[in-house]
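In what follows, a structure is listed as structure tokens, so that the remarks can point back to it.
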Number of protein chains: 2
Amino acid sequence: MDVELADLEAVVALAEALHFGRAADRLHVSQPALSKRIRKLEGRIGGPLLVRRYRDVRLTEAGRLLAERGRHLLRESEATVALSQRAARGEAGRLRIGFGIASILGFLPDVLLRFRRSHPGVQLHLRDMSTPEQIEALAAREVDIGFVRLPVADDRLVVRPVLDERLVLAIGSRSPWNARIGLRSVAAEPFIIIARARSASFYDHAISVCAATGFAPRIVQEANELFTVLSLVGAGLGVSLVPRSAALMHPPGVRFRELTLPQAAWDIAVAWHRDASTVPLVQRFVEMVRAARPPSVKRRLAAAPRTRSVGTR
Amino acid sequence: MDVELADLEAVVALAEALHFGRAADRLHVSQPALSKRIRKLEGRIGGPLLVRRYRDVRLTEAGRLLAERGRHLLRESEATVALSQRAARGEAGRLRIGFGIASILGFLPDVLLRFRRSHPGVQLHLRDMSTPEQIEALAAREVDIGFVRLPVADDRLVVRPVLDERLVLAIGSRSPWNARIGLRSVAAEPFIIIARARSASFYDHAISVCAATGFAPRIVQEANELFTVLSLVGAGLGVSLVPRSAALMHPPGVRFRELTLPQAAWDIAVAWHRDASTVPLVQRFVEMVRAARPPSVKRRLAAAPRTRSVGTR
DNA sequence: GAATCTGATAACTTCCGGTTATGGATGTCG
DNA sequence: CGACATCCATAACCGGAAGTTATCAGATTC
């Protein structure tokens, strides 16, 4: 039907001026140009948009409706273009972020908060996914950024380590405690663990760390949230293996103990699609993640109040 | 900024095909034309809308947003044009109708119902106004159609009589009743009347009819609705003067009596602005009013069940 | 390296939408 | 009542935006 925004602008200007000469001025065209445009538009609409009489131009119903809704359409289209322009500058748009159980506890919330502040026009979509799921989703461009567990070998992706996460032992503070206590010494204790359905890779990793130490844990309880696991440990129901940054939650009645075992490593990296390296939003987000890379978690733990003294009783 | 609907169409087509050649086909233009259009548009947006690689065209965030909201805008604009076209054919739009207390009772509801059925796209705006208010509003084009009391002398308007309404006497059925009873014989009765605030012209008219008969009514009660007036009459609280078509409501316990007095006339006409004679909606509505002009109210009353026998006790 | 796919570029053309000049209908005013 | 003013329509003309066809160039496949 070939009605263009310029036509709507013409009708709107005319609806406001009700005068071809003045409306034409406002549109920065000559009066005959406006007349011709309107006449052509009237042909497409199939009837007059205005009745012209000497010193008395007024809208018909067709013209009134076109002007009324045209005004709205013009505003909308202008806003759309502006939005697209902001997106081109990396100030608007959508950023889909995958993350796993370990990254959520650490610095991610902080980074998200700061990114949202500095990019208020950007929608952040967060999806809780395992590392293999993230790799697939990144490759398929279903997410833009991932927080994956190393090692990752996929040459479609760019991967940059950001956090030296590890598994640590969590023990209730009523348990016997001394500097020498290790994973082997709690082999016989009841074991609490995150549910496998919640994070298969974490679950399997914890089991394999036990296996490397030479025992199979006696699992008495699974929980869907890390916070629940820690509460159960704090209540003295058993021991657990958790990501080191869980200590940042300062769960009452829980002590943490580093594992020397190399298998306890759980290094986190930020990853994105190779082709997305020039996408402004991805660049900006990754910059922010790497700039915000926290001081080593070990140091942060040392600076935190000692959890040991915060018993439940 | 000069982004046109054709540009949005191009982006939308490209977003769906993700292939310049096929998208160009869909738009019925050659591939270079589409490429040029997009390149130009990218200049206005200030960044790429698509990344082109061999056999792999995909949208950027700017492009995705433009296509997504563009789709919506295109639908809207198409609907707007369609609406305007229907308005040009008299199938859509707005019709503002003024009416007074007398016309609302008669055939107006019926006409409105039928008009709404035959013109489902037309919004009817009804405004309750006195005849002088209607004349002003019609002249100022604040309403499109009026139902006014004759005579009207205003050469800006076209006026066509549609209804020979009159005032009739309403008496409670318990009152003494015989064929000879007239307005003069109830001069001493308590008088109920529509509130002057509700319809000054009707009130004044009723008073002047009494004056012409040679008495001033002893008003004991005013009411804002005709229905209330009739209920009070039916309950035996007094007599009243009402428009003849009020009898069509068949209020219980009320009898009606024609007045021979010429001053009791209250002729209703449909009126519109002289310049609006060619407006499709006005034409159609007036046609329908005049075609639907009811058989004389007198005859309709005769056909109705006798109200006399429907007493309250 | 030949063939194919696909978007970009170049050269040319068409015609839409602009311009200026003027006409003609309808008021106003001396 | 005739001269003048207002204001939209029409006519004639013009330039450039956007289309066309032909061709190029990079990527990939075999």
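Below, chains carry the letters A, B, ... as their sequence lines are ordered, and counting in each starts from 1. All of these numbers come straight from a predicted model, not from anything done at the bench.
- Rounding to the nearest 0.5 Å places CD of B:Glu142 at 6.5 Å from CZ of B:Arg127.
- In this structure B:Ser277 satisfies the side-chain contact (heavy atoms from CB on, under 4.5 Å) test together with B:Val158, B:Trp272, sequence neighbours excluded.
- As a whole-Å value, the separation of B:Leu18 CG from C:dG7 C1' is 14 Å.
- The side chain to side chain donor-acceptor pair (under 3.5 Å) check on B:Thr80 picks up A:Arg69, with sequence neighbours excluded.
- Rounded to a whole Å, the CD1 atom of A:Ile38 is 14 Å from the C1' atom of D:dA9.
- Between B:Arg52 atom CZ and D:dA25 atom P the separation is 19 Å, expressed in whole Å.
- A donor-acceptor pair is defined here as one N or O able to donate and one able to accept, closer than 3.5 Å; no such pair exists between the side chain of A:Arg94 and the backbone of B:Glu61.
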Check nucleotides 3-6 of chain C against the protein and report each pair of N or O atoms closer than 3.5 Å, with its distance, or say if there are none.
residue, atom, partner, partner atom, Å
C:dC5, O2, B:Tyr54, OH, 3.4

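- A:Leu126 meets the side-chain contact (heavy atoms from CB on, under 4.5 Å) test with A:Ile97, A:Phe99, A:Leu112; sequence neighbours excluded.
- Atom CG of B:Asp7 is separated from atom P of D:dA17 by 14 Å (rounded to the nearest Å).
- Looking at every heavy atom in both residues, A:Leu73 comes nearest to B:Ser77 through CD1-CA, 3.6 Å.
- A:Arg37 and A:Glu9 are not joined by a salt bridge, as no carboxylate oxygen comes within less than 4.0 angstrom of a charged side-chain nitrogen.
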Base-contact (B) and sugar-phosphate-only (S) positions in nucleotides 16-24 of chain C, heavy-atom cut-off under 4.0 Å, - elsewhere: SBBBBB---
Distance-only donor-acceptor hits, side chain of residues 45-54 of chain A, under 3.5 Å, sequence neighbours excluded:
residue, atom, partner, partner atom, Å
A:Arg52, NH1, A:Glu42, OE1, 3.3
A:Arg52, NH1, A:Glu42, OE2, 2.8
A:Arg52, NH1, A:Leu50, O, 3.0
A:Arg52, NH2, A:Glu42, OE1, 3.3
A:Arg53, NH2, B:Asp275, OD1, 2.6
A:Arg53, NH2, B:Asp275, OD2, 2.6

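- Across the protein-nucleic acid pair, B:Leu49 atom CG and C:dA8 atom C1' stand 16 Å apart, rounded to whole Å.
- Checking the phosphate oxygens (OP1, OP2) of C:dG7, no side-chain nitrogen or oxygen of B:Ser35 falls inside 4.0 Å.
- B:Leu27 places its CG atom 11 Å from the P atom of D:dT20, with the value rounded to the nearest Å.
- In this structure, A:Arg39 places its CZ atom 19 Å from P of D:dC7, rounding to the nearest Å.
- Contact detail for B:Leu281 and B:Gly90: the closest heavy-atom pair is CD2-O, 3.4 Å.
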